[in-house]
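Some notes on the structure that comes next.
Lettering of chains follows the sequences in order, A, B, ..., and the numbering in each one begins at 1.
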There are 2 protein chains.
Amino acid sequence: MRKLPAKLASQLYGAAELIAERGLDGTKIEDIAEATGIPKATIYYHLDGKNAVLEFLLSDLLDMIAGAVGVAVSSAEDARTRLEAAVVAQLGVMLEHPFLCRALVGDLGRATRLPELALALRAAFYEPIEQLLADGVADGSLRQVPNPGAVALSVFGAITVAGLTAAVEGPSDAPSADAVRLSASICELIFDGLATRGS
Amino acid sequence: MRKLPAKLASQLYGAAELIAERGLDGTKIEDIAEATGIPKATIYYHLDGKNAVLEFLLSDLLDMIAGAVGVAVSSAEDARTRLEAAVVAQLGVMLEHPFLCRALVGDLGRATRLPELALALRAAFYEPIEQLLADGVADGSLRQVPNPGAVALSVFGAITVAGLTAAVEGPSDAPSADAVRLSASICELIFDGLATRGS
DNA sequence: CACTGGTTTGTACTTCCAGTACAACATACG
DNA sequence: CGTATGTTGTACTGGAAGTACAAACCAGTG
């Protein structure tokens, strides 16, 4: 089940918009069959049901994010700079795949209940951030905080919610420019905060 | 449909844990009937189906949050202080109702597709924050940022994700103490940021 | 008390859809 | 050619949501 032919895989993306729009519940297998041109029997030959369709689509998105972030994170810069790069990378992928993001948000519950996906979610979104915050303390580019776990979670939330919302709201025609802009706002928040400065 | 008898309403809460655990899909109406003691026919007499059960439970949670936050926000302090109070209030309610939070996360997609709930979600979580950030700029207790909308969204994400995760992970035995602790971490992040200070 | 209107509930039914079974067909490759 | 692996149509099964409805129940109210 883990190696469906490339051709089918690419056709399956035709279902993303459908699922994004109506949710997996509101989408009949027959609809997916029609939208993708893959007959129902064939879908069932390769995939173990509806959930597997979602799982396939989302794990792909998550892999893309994890990949892009992984690249961004592995430069030689200090952690703070790498965190900025990671945010841009993550938002870039998200804004480029708005339908997948909408599907993810819409069926988040299901996603977190699919063990494979839950892991991939963590790996794509949360872990890199957690790691970077720790690195930043080590290399002095970020500040030590009393409760790193909670803070990492909040940073993760700040980035992800902003990204998902942006992706969900409007498919943009210049995703990577938007990603840069949005990431600037987010980084300003998480680095400098909102308090009025003495300086 | 908006005024089910108090007795039934209270019984319905018995379904929250069930839904939190398995998701609405994984929960049969018959299960809900059994868990709450309300027979299926009666459920259908008052409510228009499964979604309405979820809608009832979640709109209640959202009302509680909106209420608590509303109180916190309406003090005479400066915006920054009120924002802190709002965070504590929001987290307090969330940690006190872990099952409802889990149900919310698990069926977020469905929730956002129910128009009433989508509005209540916005009103409970996002709008107060947006307002406070604006107030803060006005009264000088918070800094002006180039893109207030995006920042408000990130702040919202930071608080909500941290809160939901905490609620989902472990039902705590001292919710309000935990809320205070967690909110301190979050506020430190959103006010002071993570950059290393010159000072 | 009897009448009336709303609730409550059991039971049986309809409908819809995910998933299965299976047979016929295609394609490839030895 | 023939065996294996994929592809697809069609018909079926099973389970759960939601509906229909009638019988019971429970106020009030005259």
**Co-members of B:V71 in a cluster of I, L, V, M, F, W and Y side chains, linked at under 4.5 Å** = none
**Request:** Measure the spacing between CD of A:E84 and CG of A:L132 and express it to the nearest 0.5 Å.
**Result:** 11.5 Å
**Prompt:** Quick one: B:K7 NZ to C:dT7 P, roughly how many Å, whole number?
**Reply:** 15 Å
**Item:** Joint cluster assignment, B:F191 & B:L133, ILVMFWY side-chain distance < 4.5 Å
**Value:** yes
Under 3.5 Å, N/O pairs linking protein and nucleotides 5-7 of chain D:
| unit_1 | atom_1 | unit_2 | atom_2 | d |
| --- | --- | --- | --- | --- |
| D:dG6 | OP2 | A:Y45 | OH | 3.1 |
| D:dT7 | OP2 | A:H46 | NE2 | 2.5 |

**Prompt:** Of all residues at least two apart in sequence or in a different chain, which pass the side-chain hydrogen bond (donor to acceptor under 3.5 Å, both in side chains) check with A:Y13?
**Reply:** A:D60
**Request:** Specify the separation, in whole Å, of atom CD1 of B:I32 and atom C1' of D:dA17.
**Result:** 11 Å
**Asked** Hey, is CD on A:E34 packed in by over 12 heavy atoms from elsewhere, all under 6.0 Å?
**Response** no
**Asked** Nucleotide by nucleotide, 5' to 3', does protein get under 4.0 Å of the base (B), only the sugar-phosphate (S), or neither (-) in nucleotides 12-26 of chain C, counting heavy atoms?
**Response** -----SSBB------
**Message:** Using the rule salt bridge (charged side-chain N to carboxylate O under 4.0 Å, His left out), only one of B:E17, B:E21, B:E169 pairs with B:R102; which is it?
**Reply:** B:E21
**Asked** Could you give the CZ-to-C1' distance, from B:R22 to D:dA16, as a whole number of Å?
**Response** 14 Å
**Complete:** Joining Ile, Leu, Val, Met, Phe, Trp and Tyr whenever any side-chain heavy atoms lie under 4.5 Å apart, the cluster holding A:V88 also takes in A:V180
**Asked** With sequence neighbours left out, which residue pairs that include part of residues 143-159 of chain B fulfil the side chain to side chain donor-acceptor pair (under 3.5 Å) condition?
**Response** A:E188-B:R143
